[in-house]
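Following this message is one structure expressed as structure tokens.
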Amino acid sequence: MSPWWSKSSSKEAKKKSKGGGIIGFIRRKLKSPSESKQTSLHLRDEVRASTPSNPVAQSQNFAERWPDAHPLPLPENSPDMGRVEEGNRESRNRRSSEGLSPLFHFPLPRYNQAQNGHDQTDVEGYLATDSVFTDSDSDSDSFDPANFRFLSPQASNYETGDKTSTNGPSRHLTYATQKKREKLKAVKACVSSQTVQKSPKWHPLSPHMANLQVPQHDSSMSSPSKSPMRVFEPEPALTGFWARRPYADTGFPGPGPCSSPESGPSSSYNLVGGEMAAQLFWQRNRYTPEHTPIPSPRMTSPGPSSRIQSGPVSPLHPWAGGSNMDSSANWPGDAVNAKQQTHRLPLPPLAMSNTGPSTPWYTIRTTPVISKSPGRADILASHGSGWKKGRLLGRGTFGHVYLGFNSERGEMCAMKEVTLFSDDSRSKESAQQLRQEIALLSRLRHPNIVQYYGSETMDDKICVYLEYVAGGSIFKLLQEYGKFGEVAIKSFTRQILSGLVYLHSTNTVHRDIKGANILVDPKGRVKLADFGVAKHISGPSCSLSFKGSAHWMAPEIINNDSSGCNLVGDIWSLGCTIVEMATTKPPWSEYEGVAALFKVGNTEVTPEIPDHLSGDAKDFIFQCFQWAPARRPSAAQLLDHPFVKDIASSETLMPDPGPNTNAMRSLGIGHASEGVPVPHSRSQNMNRRLTTSPTSSPRVILPTPLTGAAAGGAVPFYHQAEKPYSPDFMGLTSTSRSPTRSFAPASNALHVLNPERDMFRAMPQGSPFQEIIPPDNDFVGNQKKRRAGKSVLT
Ligand SMILES: Nc1ncnc2c1ncn2[C@@H]1O[C@H](COP(=O)(O)OP(=O)(O)OP(=O)(O)O)[C@@H](O)[C@H]1O
């Protein structure tokens, strides 16, 4: 009696000979039963003819040849199921290795035998799909996303390994036959004519969402793209909304659809809007293995003199520098400095000596420094600044974030790297977003905002150096550890609020507050990150474009009607983030993106507030979910809410010692030993220093003295009792106060200092900060206006 594995192998071989998988299925369906039979026979014959010994024979010999072999236990499922899994895995691996994201393929309407019988049109549809896949697989460069509009749900599920799509009922079964035929006609037309439809027609989704354009084709025909850098066309679109799945009811599936350290539904899964449409189309490749970074040559510099005296910072990549700065970062002077948004980093002496002064450092390549030693991971890249690229920390929409290590100094940072391609509009958009992010971040300095260190360009890459926040994002923590307890939620909320109060005090709105963009360090300190879609509000008429992440997006952003209350969109998103922390999912997670937008934008229904939270927590969330922005409290007002106001000392997490000042110094930013590190000077003169001042920026006053920070030599928090934060002072209109506020300001609550006074107090004439935020800057100007009794937004 032959062992079970030889039987199953035999079965397997028979199945193979029949042509397994979707392609085989299609082929079988194309044939009449008799043809099908013939085909099977024919295929079997082919197998026999083409191999010296057919697979069945081989497998039968296996037991004889390997008598000691132990069969692996069979899975509980039938062999067929195992085979489906395997097929999916193979397919997934194959696609991954070819750089294809399974998520770019959208499920086909299920071939419904019961309903349609052997509908030739359907079959052709499958064939069309098959051919698209085949083409894209075989020639990734010739991949055209337009073809993928015609892919439909089933394909996606085959590729992603969703077994239910192959065996179980599918929601796509409900497609009307007529609709299917229309689509499949289009498929046929496309395939036969080889015509590439570059852009869909757009039409407004609803009168309420006039700024929300969706292509006329339905969700199953949306246009994904395989590679963010090569195939994306930055058209206004919301494809991502309906192309992606809603949050799974089963919670976050670990490394499944969000396999990269920081990819996933809530990271950039739902990021939408305007020129950021790229983020809709492009889905990160969740199944691509984490590639080890390719060694990149160390960039060298003409020498210390050019580094210090050249003034302009490292030039932007030539392909990136051409486009104008987006108004999102429209700080005065940005236009002038549009090409100077990356900040030159000091180079170690070795690197400096490699180039002559006349050669632009950024164009010179030297032998990459590749440190190898047994027993530890290779350092695969060494940047000109002496920072070496380590492991992948996470992936964003536009690039990858790596751990950076300076082995000379023993310091770490996060290196956000974006690769640019000259002929790619997507690259230009990436560069533009990065410039915006640099422009904004370089001006921010707060313990609850990730610190910007510097940036540099290297051939086709821009690299931004940021404070390393080791714990990863809230999203990642939720994925790994499940929902947070109320103490953690309270602490995180308070810290997010503090960051927001500061951010809003500079009239900047983040626009993408969500778990994936909030980092947590090992001590539980929280940092706002990812300022890619942040915007500086230059005045009352400044309207916000449609940007953000669907499930976290405020109704007024969806409806393009913020009535001047532009900042409190972040408060709505904060409410969603609290729900996310409490449940692992944002509100309306049962809906897909567009449906969630409709829900939020068209109905004034308050999102469900988790029942298990305390009354204070519920009320806090309720305040955040005030539908009318004018009724929503500001971040400053919310600091006085009982939910976060009285965090007991045991609940107060370790204060932030401030950014890694040594890292900043090594990057030429400020000088920790002689004063407050300067994030970035517009003059780019890194030698200039501030006089010692503990308050270079508005700081949260903590209730307890912070010895750790001072002991660590970093910038301490400021511990001075101040008046409660005044929303008016911070430039918020009276209408932005919440008339429904149910909490009273506390006299001894944590406060934020007067940003103007703190930022500029004790600042000598000509200090770098005065260059960072010039006197005619909106922020400063607004402070003056406010003193004169005017509100910025009125
Ligand atoms: N400073 C940091 N320290 C540690 N990890 C970080 C840091 N910055 C980013 N990461 C990791 O990298 C991931 C992606 O970073 P980030 O969100 O900034 O990229 P992005 O391209 O701007 O993303 P998005 O798609 O949200 O626009 C984060 O979710 C986080 O896990």
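Both ligands and their constituent atoms are indexed starting at 1 by order of listing. Every value quoted in this text rests on a predicted model; they were computed, and no experiment measured them.
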* To do: Flag Asp530 as yes when one of its N or O atoms lies below 3.5 Å from any N or O atom of ligand 1, and as no otherwise.
  =>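 Asp530 vs ligand 1: N/O contact under 3.5 Å present.
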
* Sidechain-backbone polar pair: Thr584 side chain, Leu478 backbone, donor-acceptor under 3.5 Å -> no

* Set of residues satisfying ring-ring contact (aromatic ring centres under 6.0 Å, His included) with respect to Tyr468, sequence neighbours excluded -> none

* To do: From atom 22 (O) of ligand 1, work out which of His400, Lys416, Arg395, Glu437 has a heavy atom at the shortest distance.
  =>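 Of the listed residues, Lys416 has the closest heavy atom.
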
* Do Asp512 side-chain atoms and Val533 backbone N/O form a donor-acceptor pair below 3.5 Å? ->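 No, Asp512 side chain to Val533 backbone: no donor-acceptor pair under 3.5 Å.
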
* To do: Would you indicate which of Val533, Leu519, Leu466 comes nearest to atom 2 (C) of ligand 1 when only heavy atoms are counted?
  => Leu519

* Any non-hydrogen atom of Ala516 lying under 4.0 Å from ligand 1? ->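 In this structure, Ala516 qualifies as a contact of ligand 1 - some heavy atom is under 4.0 Å.
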
* To do: For Asn517, take its heavy atoms, then give the atoms of ligand 1 lying under 4.0 Å from any of them.
  =>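 Close to Asn517: 17 (O), 26 (O).
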
* To do: Output yes when a side-chain donor or acceptor of Gln495 lies under 3.5 Å from a complementary backbone atom of Gly524, and no otherwise.
  => yes

* Just which atoms of ligand 1 are under 4.0 Å from any heavy atom in Val450? ->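 Once the distances to Val450 are compared, the set is 1 (N).
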
* To do: Output yes when a side-chain donor or acceptor of His504 lies under 3.5 Å from a complementary backbone atom of His510, and no otherwise.
  => no

* Which of the atoms of ligand 1 are close to Glu467, meaning less than 4.0 Å from one of its heavy atoms? ->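 Answer, ordered by atom number: 1 (N), 2 (C), 3 (N).
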
* Main-chain N/O of Ala529 paired to Asn517 side chain as donor or acceptor, under 3.5 Å ->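 No; judged by distance alone, with no hydrogens or angles, the pair does not exist.
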
